[in-house]
Amino acid sequence: MRGLRCVLMTVLLAVCGLASAPALAESLNGSSQHLMMKLVAESDHPKAGAPLTIALATTPETGWHGYWRNPGDAGFPATFDWTLPTGAKAGEPEWPVPTTLLIAGLMNYVYEAPYAPLVTIQVPAGLAAGTRFPIRLKTSYLVCSATICVPEEKALSLDLTIGDGASSQAAAFAGWRQAIPKPLDAGATYATSNGTMRIAVPFPAGAKIDKAYFFPVTTGAIENGAAQTVTRDGDRLTISTKVAANAKVGGPIEGVLRIGDGQGLGVKATPGAVAEAAGGDATNASGESLWLTALIAFAGAVLGGLIPQHHALRVPDP
């Protein structure tokens with residue numbers, strides 16, 4: 001798989017005339033790394049039989065960006081290959097809310113500032129206190145600037161010791177968790193008509209929202225680069241955008257609804273009736289109480305750069 005990615009990226013770089021194959025090979029050999037990463041454990045002494053959260057603390061080099069779980073119109077998502085003690089199991093990464101970046105007409109879902117995907121590792125029961133608990137990760141990913149994209153790899157390690165499970169990074173993990181979308185337990189619905197998709201999301205009329213935007217986790221459902229109109233009508237938000245070409249709809253559509261800077265809700269929508277929105281623009285009402293308001297309102301829920309030929313353009317927030 002890595003070889004295929006390398007070939008594809010080499011071809012893309014050559015076609016666009018923006019970089020050479022040696023530059024690509026140099027990055028793969030580790031002499032140039034544009035995403036700085038380290039593994040951080042919530043507890044240096046995980047408890048046997050209990051879950052342990054690991055953060056992949058990532059800092060992009062200035063002018064470079066990494067990709068969300070759905071990279072958008074270009075790029076590819078990171079892969080994770082864990083080596084863990086016998087009986088331990090790593091879950092799927094939880095990704096922070098990304099930002100949008102439009103390059104050469106292609107919409108990308110990216111991170112340009114420090115971010116940290118979170119992974120929960122189930123520690124097996126029966127391990128005695130003082131037992132070594134080594135964690136190893138090999139990750140492959142794409143990183144881009146405004147003029148070039150390169151695939152990179154990292155081999156990361158963390159050596160822990162079984163203990164009482166006390167948190168040693170409480171403040172850091174509190175911040176990282178705030179950026180992870182909170183699941184919306186109330187069902188959303190969507191409907192398509194004349195090339196437009198409308199997604200209705202339950203959202204209390206009194207809850208504040210800012211810079212609303214729907215990031216699709218399900219690929220091929222909506223056109224990533226199309227404009228989005230977000231309106232609110234009572235206890236409902238409606239996102240209207242363009243259906244993707246050759247979209248196969250009819251099943252559930254998952255995504256993340258941004259409700260503020262670095263704050264979002266996990267949404268799962270199923271086909272259903274969506275009334276025409278009668279409310280106003282849902283892009284105002286920002287403030288320090290935004291996240292608290294949303295958490296209270298949803299307390300029951302626990303709620304690219306391909307190879308651009310010119311310059312990158314930040315998409316104005318809706």
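Side-chain atoms are counted along with the backbone in the values below, which use heavy atoms only and exclude waters and symmetry mates. Residues take their numbers from the sequence shown, with the count starting at 1.
- Looking only at distances, a side-chain donor or acceptor of Arg232 sits under 3.5 Å from a matching main-chain atom of Pro204.
- To the nearest 0.5 Å, atoms NZ (Lys138) and OG1 (Thr79) are separated by 11.0 Å.
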Under the side chain to side chain contact (heavy atoms under 4.5 Å, CB included) criterion, do Asp233 and Thr238 qualify, and how do the steps go? CA-CA 8 Å; Asp233 182 10; Thr238 301; 5.9 Å; no
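- Shown here for Ile253 and Ala221, the closest heavy-atom pair between the two residues is CD1-CB, 3.9 Å.
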Side chains of residues 47-58: which donor-acceptor pairs under 3.5 Å do they make with residues two or more places apart or in other chains?
residue: Thr53; atom: OG1; partner: Arg177; partner atom: NH2; Å: 3.1
residue: Thr58; atom: OG1; partner: Leu56; partner atom: O; Å: 2.9

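- Within the 4.5 Å cutoff, side-chain heavy atoms of Trp82 are placed close to those of Val119.
- Here the shortest heavy-atom pairing between Ser240 and Arg198 reads OG-CG, 3.3 Å.
- Residues Val143 and His34 share a closest heavy-atom pair of CG2-CB, 3.8 Å.
- Side-chain contact between Ile135 and Leu160: present, with at least one pair of heavy atoms (C-beta onward) separated by less than 4.5 Å.
- Annotation: the span from Leu184 atom CG to Lys268 atom NZ amounts to 12.5 Å, rounded to 0.5 Å.
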Go through Thr99 and Leu101 one step at a time and tell me if the side chain to side chain contact (heavy atoms under 4.5 Å, CB included) criterion holds. CA-CA 7 Å; Thr99 58; Leu101 185 65; 5.9 Å; no
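- Between Tyr213 and Val230, the closest side-chain pair of non-hydrogen atoms is not below 4.5 Å.
- For the salt bridge (Lys or Arg N to Asp or Glu O under 4.0 Å) test, residues two or more places apart in sequence or in another chain that qualify with Arg136 are Asp159.
- Residues meeting the salt bridge (Lys or Arg N to Asp or Glu O under 4.0 Å) test with Lys242, sequence neighbours left out: Glu223.
- Of all non-hydrogen atoms in Met37 and Leu156, the two that sit nearest each other are O-CD2, 3.8 Å.
- Here the shortest heavy-atom pairing between Gly255 and Phe214 reads CA-CZ, 3.6 Å.
- Side-chain contact between Pro181 and Leu265: absent, with no pair of heavy atoms (C-beta onward) separated by less than 4.5 Å.
- Contact annotation: the side chain of Asn70 never approaches that of Val217 to less than 4.5 Å [non-hydrogen atoms, C-beta and beyond].
- Aromatic ring pairs are classed by plane angle as parallel below 30°, tilted from 30° to 60° and perpendicular above 60°; the pair Tyr115 and Tyr111 is parallel.
- Shown here for His65 and Ile103, the closest heavy-atom pair between the two residues is CE1-CD1, 4.1 Å.
- To the nearest 0.5 Å, the span separating CD on Gln263 from NZ on Lys211 amounts to 10.5 Å.
- Between Pro46 and Ile162, the closest side-chain pair of non-hydrogen atoms falls below 4.5 Å.
- With values rounded to the nearest 0.5 angstrom, Glu42 atom CD is found 9.0 Å from Gln169 atom CD.
- Taking 4.5 Å as the limit, every side-chain heavy atom of Val110 sits out of range of all side-chain heavy atoms of Pro98.
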Pair Leu84, Lys89 - check side chain to side chain contact (heavy atoms under 4.5 Å, CB included), show working. CA-CA 7 Å; Leu84 303 171; Lys89 184 178 180 180; 5.6 Å; no
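- Under the rule for a salt bridge (Lys or Arg N to Asp or Glu O under 4.0 Å), Asp81 has no partner lying at least two apart in sequence or in another chain.
- To the nearest 0.5 angstrom, Thr241 atom OG1 is 9.0 Å from Asn224 atom CG.
- Lys182 places a side-chain N or O within 3.5 Å of a backbone atom of Ile180 that can act as its donor or acceptor partner.
- Applying the ring-ring contact (aromatic ring centres under 6.0 Å, His included) test to residues at least two apart or on different chains, the pairs with a partner in residues 164-188 are Phe173-Trp176.
- The distance from the CE atom of Met107 to the CG atom of Asp73 is 7.5 Å, given to the nearest 0.5 Å.
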Candidate pair Trp64 and Leu35, rule side chain to side chain contact (heavy atoms under 4.5 Å, CB included), full reasoning: CA-CA 8 Å; Trp64 293 77; Leu35 291 187; 5.5 Å; no
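- Between Phe76 and Ser140 the shortest side-chain heavy-atom distance does not fall below 4.5 Å.
- Partners of Tyr109 by ring pair (Phe, Tyr, Trp, His ring centres under 6.0 Å), not counting sequence neighbours, listed by chain and number: Trp68, Phe215.
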